[in-house]
*Asks:* 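I have a structure here, written as structure tokens, and I will follow up with some questions on it.
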Amino acid sequence: MTGMRRDMTARVVPLGSREAGEPPCPPTVAERLALPAVPSRAAWELARLPLPSYTRARMPVHAAARKAPSAHGRRLPATLSG
């Protein structure tokens with residue numbers, strides 16, 4: 001590993017330059033929002049389970065109310081706030 005690491009080189013170039021090559025992430029918001037679907041779909045396929053088909057209203061989530069902040073503006077740990 002050390003020998004390989006010694007042979008690696010890196011350069012810092014401006015992201016907008018021609019030398020930077022392709023952008024680090026897709027250019028449009030829609031494409032960036034679609035990115036998490038790729039590994040998610042692959043994980044469901046690897047698990048050999050069907051993709052979930054529930055509606056947004058039926059999503060299995062748990063909503064919890066936040067506790068009131070302490071006198072100093074920070075939340076106390078659950079064990080201390082009582």
*Asks:* So, using side-chain hydrogen bond (donor to acceptor under 3.5 Å, both in side chains) as the criterion, who are the partners of T28 when residues are at least two apart?
*Replies:* E31
*Asks:* The criterion is side-chain contact (heavy atoms from CB on, under 4.5 Å); which residues satisfy it with L33, sequence neighbours excluded?
*Replies:*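 Listed in chain order: V29.
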*Asks:* Quick one: CZ on R58 to OG on S53, what's the gap to the nearest 0.5 Å?
*Replies:* 12.0 Å
*Asks:* Considering only Ile, Leu, Val, Met, Phe, Trp and Tyr, and joining two whenever side-chain heavy atoms are under 4.5 Å apart, list the other residues clustered with W44.
*Replies:* L49, L51
*Asks:* To which residues is M59 joined in a hydrophobic cluster, defined by side-chain heavy-atom contacts under 4.5 Å among Ile, Leu, Val, Met, Phe, Trp and Tyr, whether direct or through other members?
*Replies:* Y54, V61
*Asks:* Kindly give the cluster partners of V12, where membership spreads through any ILVMFWY side chain lying under 4.5 Å from a current member.
*Replies:* none
